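A quick write-up on the structure given underneath.
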Amino acid sequence: MCGIVGAVSQRNVEKILLEGLKRLEYRGYDSAGMALVHNQKFLINKAVGKVSALAELVQQSNISGKTGIAHTRWATHGIPSQNNAHPHTSENISIVHNGIIENYKELRSELIELGYVFLSETDTEAVVHLFHYHYKQTHDLMLSLQQTIKKLQGAYGLVVMCENEPDTILGTRSGSPLVVGIGIDENFLASDQLALRQVTDRFIYLEEGDVVKLRSNSIDIFDQSFSPVVREEVVISDVHDAADKDGFRHYMLKEIFEQPEAIARTLDGRISHESVVQDLLGEEARTVLSQVTQVQIVACGTSYHAGLIAKYAIEEWAGIPCLVDIASEYRYRKVIVPDNALFISISQSGETADTLAALRKAKASGYLSSLAICNVPNSSLVRESAFSLMTCAGVEIGVASTKAFTTQIVALQLVALMLAEKRKEEHKSIVQALHQLPDYCQRVLELNDRIEKISEHFVEKHHALFLGRGVQYPVAMEGALKLKEISYIHAEAYAAGELKHGPLALVDSDMPVITVAPNNELLEKLKSNLEEVQARGGKLYVFADQSAGFSEDANTQVFNLPHVPACIAPIIYTLPLQLLSYHVAVMRGTDVDQPRNLAKSVTVE
Ligand code: HGA
């Protein structure tokens, strides 16, 4: 989602800011802007569209400055336009903002009464005028920031700059992430450390409510009661350069093909020959997990589907009931928390606003403990949960999640095994299957060429139906989500047994029906459901176990997958669906890595 970069230095920073924004591009955004201070005057450029358009403007206007703030915006209030793009300015104050100010209408009316003129439709503009109002009276930046945030309701990561104090930038966060990058004779702020990896490997993650004042040679942090605090410095030495496509046409394809390696990393050091390393999360967690009698999983989007798949493992392997909720629903409903219930949240970025809010609600609701499944160490979700298990997927750039999803499933399966400690004798076959998983994934990826060919069938389609049964139903849901996200084809997933209760009415010769069919106890039931589709002239695309006995005809395409143990089938059957969506999107000419209207790391509610 939208990104923030700020810098205060003894050298010109416009290139650093632009490079930072570029590194955040993968999150999805609709416009970009930058403000520099030079000779106590703001120099501002904004562009609708890509960061490259902003970079061109900056180059043409030939501006530079030693202090600056920059932003990529994913519109929540007001259309994507130059006027609505950040930074927003009120005379000598300039601000960039991630998040949503919920009480902006009240603030706006009050500020209009005070004589302020609004030039944009954003919620953010109320913040900059409010800040200006306080600064006019106090002439003190920190005090003005304190007074401003006292009046804000909602979520924000804010970075502020002032013409009168050009050697300073201020930052604060509540509900949106903000990290300080420590340099030599220069310091930085960003919504994600990735934006600053070209200038430093030293970071300080701000806590909720923290306020920071940065100069080129000082960093002063205050907590939410405005007392000075020292936050730990973290050195991130991972030199992996996420910005490299390694010869693939898109990040998404690269990330699909990285899955065997990513899954191997998720498992690395966590399973022995026959069982899960029971102390994986530490001794304390082991004690906690041994007491768990119910699990509540909460997540959004693709991570929600990983949760739905994990429910099957937790219930079957550990015999523990498991509820799965969408975070934006969970956070606003009355929740009954039974004794000894474990709260598990899942988020690739660890900054997903709804998931974080759900975790905060859970922590106040009497769960036994909280566990985060996450791809980003030091993220808010990880820091605020009692325990965390990293998915180790590596940086994921494509907005449509692929390797983050499959590694989430693997991590959740490890949790299911830990919860099933008492049934250790059953672990052996599951763990052995997990050991084989990267190789099986590799084999399934060999279907790529054939899937690419078949994708042509979908180019002109407007709708598609995905079917699955049992644990393959959430796999079908993920397949449908992937297709709609990146190809913009309307896709729906149904539990195949539900077909006759409504969706069968949609089936005709123009409706492709995609099915995942491992050879399991539900296969015959699924076959009957597919007969119902064939009888209505529907076009079937079946990804099936090679031993499942499907045969091709004019209306049925069959893709044979290796016979795999049931426990890893959800991952194995996800891969061809990812490839299908990818190739259909490429053929339809969409922006595969940054699909329209979507963003990665959804830091707004
Ligand atoms: N609400 C602000 C900022 C949006 C945002 O954080 N997007 O990710 C706006 O609409 O400009």
Side-chain angles (χ1 to χ4, degrees), residues 263 266-267 270-271 275-281 285-300 302-327 330 335-347 355 358-359 362 367-374 381 385-391 405-431 433-434 437 468-475 477-478 495 520-522 565-571 574:
I263 288 169
T266 313
L267 293 169
R270 291 168 165 178
I271 46 175
S275 62
V276 68
V277 175
Q278 206 65 48
D279 272 343
L280 194 56
L281 301 172
R286 187 176 184 166
T287 315
V288 168
L289 293 187
S290 70
Q291 295 162 24
V292 172
T293 52
Q294 170 139 355
V295 173
Q296 169 73 64
I297 296 180
V298 169
C300 304
T302 290
S303 303
Y304 170 66
H305 296 154
L308 290 174
I309 290 169
K311 172 185 168 76
Y312 288 82
I314 291 170
E315 296 193 337
E316 201 175 310
W317 305 349
I320 293 174
C322 176
L323 301 172
V324 189
D325 263 284
I326 295 167
Y330 173 91
V335 176
I336 312 290
V337 183
D339 289 342
N340 297 321
L342 174 68
F343 182 87
I344 301 182
S345 56
I346 316 168
S347 160
T355 312
L359 169 65
Y367 284 91
L368 175 66
S369 193
S370 56
L371 168 65
I373 304 295
C374 189
L381 203 70
S385 296
F387 307 105
S388 57
L389 185 60
M390 291 301 124
T391 49
F405 174 66
T406 46
T407 55
Q408 281 170 348
I409 300 172
V410 173
L412 285 158
Q413 291 188 331
L414 297 178
V415 174
L417 287 172
M418 285 188 274
L419 286 167
E421 187 178 13
K422 292 190 197 103
R423 303 180 173 192
K424 230 170 168 177
E425 65 293 348
E426 291 163 29
H427 288 196
K428 196 168 159 187
S429 60
I430 298 169
V431 169
L434 287 174
L437 180 55
R469 289 194 77 131
V471 69
Q472 294 295 331
Y473 170 39
V475 172
M477 291 167 83
E478 175 60 10
N520 60 18
E521 66 291 352
L522 291 168
C567 58
I568 58 170
I571 295 166
T574 296

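We count residues from 1, following the sequence as given. In this text, all values refer to a predicted model and were calculated from it rather than measured experimentally.
- Residues passing the side chain to side chain contact (heavy atoms under 4.5 Å, CB included) test with Ser275 are Ser272, Lys424, His427, sequence neighbours excluded.
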Could you list the donor-acceptor pairs under 3.5 angstrom formed between side-chain atoms of residues 413-420 and any protein atom two or more places apart in sequence or on another chain?
| unit_1 | atom_1 | unit_2 | atom_2 | d |
| --- | --- | --- | --- | --- |
| Gln413 | NE2 | Cys567 | O | 2.9 |

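- Applying the side chain to side chain donor-acceptor pair (under 3.5 Å) definition to pairs two or more places apart or across chains, those involving residues 288-300 are Gln296-Asp325.
- For Tyr473, there are no side chain to side chain donor-acceptor pair (under 3.5 Å) partners, not counting sequence neighbours.
- A distance of 3.5 Å separates OG of Ser345 from CG of Leu381, quoted to the nearest 0.5 Å.
- Atom CG in Asn340 sits 11.0 Å away from atom OG in Ser369 (nearest 0.5 Å).
- Shown here are the side chain to side chain donor-acceptor pair (under 3.5 Å) partners of Thr406, two or more places apart in sequence or in another chain: Gln259.
- Partners of Ser303 under the side chain to side chain contact (heavy atoms under 4.5 Å, CB included) rule, at least two apart in sequence or in another chain, are Ala299, Ile346, Gln408.
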- Task: Show your working on side chain to side chain contact (heavy atoms under 4.5 Å, CB included) between Tyr367 and Val335 and close with a plain yes or no.
- Result: CA-CA 11 Å; Tyr367 284 91; Val335 176; 3.5 Å; yes

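- Ala362 and Tyr330 make their closest contact through CB-OH, 3.8 Å (heavy atoms, listed as atom of the first residue, atom of the second, distance).
- In this structure the side chain of Pro565 never reaches within 4.5 angstrom of the side chain of Ser429, judged on heavy atoms.
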With a cut-off of 3.5 Å and sequence neighbours excluded, list every side-chain donor-acceptor pair involving residues 313-324.
| unit_1 | atom_1 | unit_2 | atom_2 | d |
| --- | --- | --- | --- | --- |
| Glu315 | OE2 | Lys311 | NZ | 3.2 |
| Glu315 | OE2 | Cys322 | N | 2.7 |

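- With rounding to the nearest 0.5 Å, the separation of CD1 in Ile297 from CG in Leu342 is 9.0 Å.
- Legend: residues meeting side chain to side chain donor-acceptor pair (under 3.5 Å) with Ser370, ordered by chain and number and at least two apart, are absent.
- Classified by interplanar angle (parallel below 30°, tilted 30° to 60°, perpendicular above 60°), the ring pair Phe405/His305 is perpendicular.
- By the side chain to side chain contact (heavy atoms under 4.5 Å, CB included) test, Ser388 pairs with Ala372, Val382, Met390, sequence neighbours left out.
- Nearest heavy atom pair, residue Ala411 against residue Leu389, reads O-CD2, 3.5 Å.
- Considering only heavy atoms from C-beta on, Leu359 stays 4.5 Å or farther from Val298 through its side chain.
- Partners of Tyr312 under the side chain to side chain contact (heavy atoms under 4.5 Å, CB included) rule, at least two apart in sequence or in another chain, are Val471, Pro474.
- The line from CG of Leu434 to CG of Leu267 is 5.5 Å long, rounded to the nearest 0.5 Å.
- In this structure Tyr304 satisfies the side chain to side chain donor-acceptor pair (under 3.5 Å) test with no other residue, sequence neighbours excluded.
- By the 4.5 Å heavy-atom criterion applied to side chains, Ile271 and Val277 are not counted as neighbours.
- Between Val288 and Leu368 the shortest heavy-atom distance is O-CD2, 3.6 Å.
- Listed by chain and residue number, Asp279, Glu421 satisfy the salt bridge (Lys or Arg N to Asp or Glu O under 4.0 Å) test with Arg286 (two or more places apart in sequence, or in another chain).
- Note that CG of Leu371 is 6.0 Å distant from CG of Leu281, once rounded to the nearest 0.5 Å.
- Remark: side-chain polar atoms of Thr407 are not paired, donor with acceptor, to backbone N or O of Ile263 under 3.5 angstrom.
- Taking CG of Leu308 as the reference point, atom CD1 of Ile326 lies at 8.0 Å (rounded to 0.5 Å).
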